[in-house]
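Because only heavy atoms are used, hydrogens play no part in the values below, and waters and symmetry mates are left out as well, while side chains stay in. Values in this document were obtained by computation on a predicted structure and should not be read as measured data.
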Amino acid sequence: MSRVALFPSTDPDRLWERYAVLARAIMSDQTKLIDRDHMQAMARAHDEWRAAFLASERRA
């Protein structure tokens with residue numbers, strides 16, 4: 001049996017797109033603004049994008 005280890009992306013562009021998908025969902029369904037699961041997913045996605053973005057800025 002083989003296993004594939006999944007590592008979180010560190011690509012700011014890919015992480016931004018994941019965040020943007022969640023933000024776009026709010027535009028089409030504003031009830032997501034009070035959906036705790038959705039907002040927690042957005043918070044996690046934003047934090048992951050922010051960390052990757054700031055890390056990429058330090059390397060530049």
field: Partner residues of D11 under the side-chain contact (heavy atoms from CB on, under 4.5 Å) criterion, sequence neighbours left out
entry: S9, D13, R14
query: Apart from W16 itself, what residues make up its hydrophobic cluster, given side-chain heavy atom links below 4.5 Å?
result: L15, Y19, L22, I26, L33, M39, M42, W49, F53, L54
- request: May I have all residue pairs that pass side-chain hydrogen bond (donor to acceptor under 3.5 Å, both in side chains) and include part of residues 25-36, sequence neighbours excluded?
  value: D29-T31
statement: The salt bridge (Lys or Arg N to Asp or Glu O under 4.0 Å) partners of R24 (sequence neighbours excluded) come to E17
- request: List, by chain and number, the other hydrophobic cluster members for M27, where Ile, Leu, Val, Met, Phe, Trp and Tyr join if side-chain heavy atoms come within less than 4.5 Å, directly or indirectly.
  value: none
statement: Between A52 and P12 the two heavy atoms that sit nearest each other are O-CG, 3.7 Å
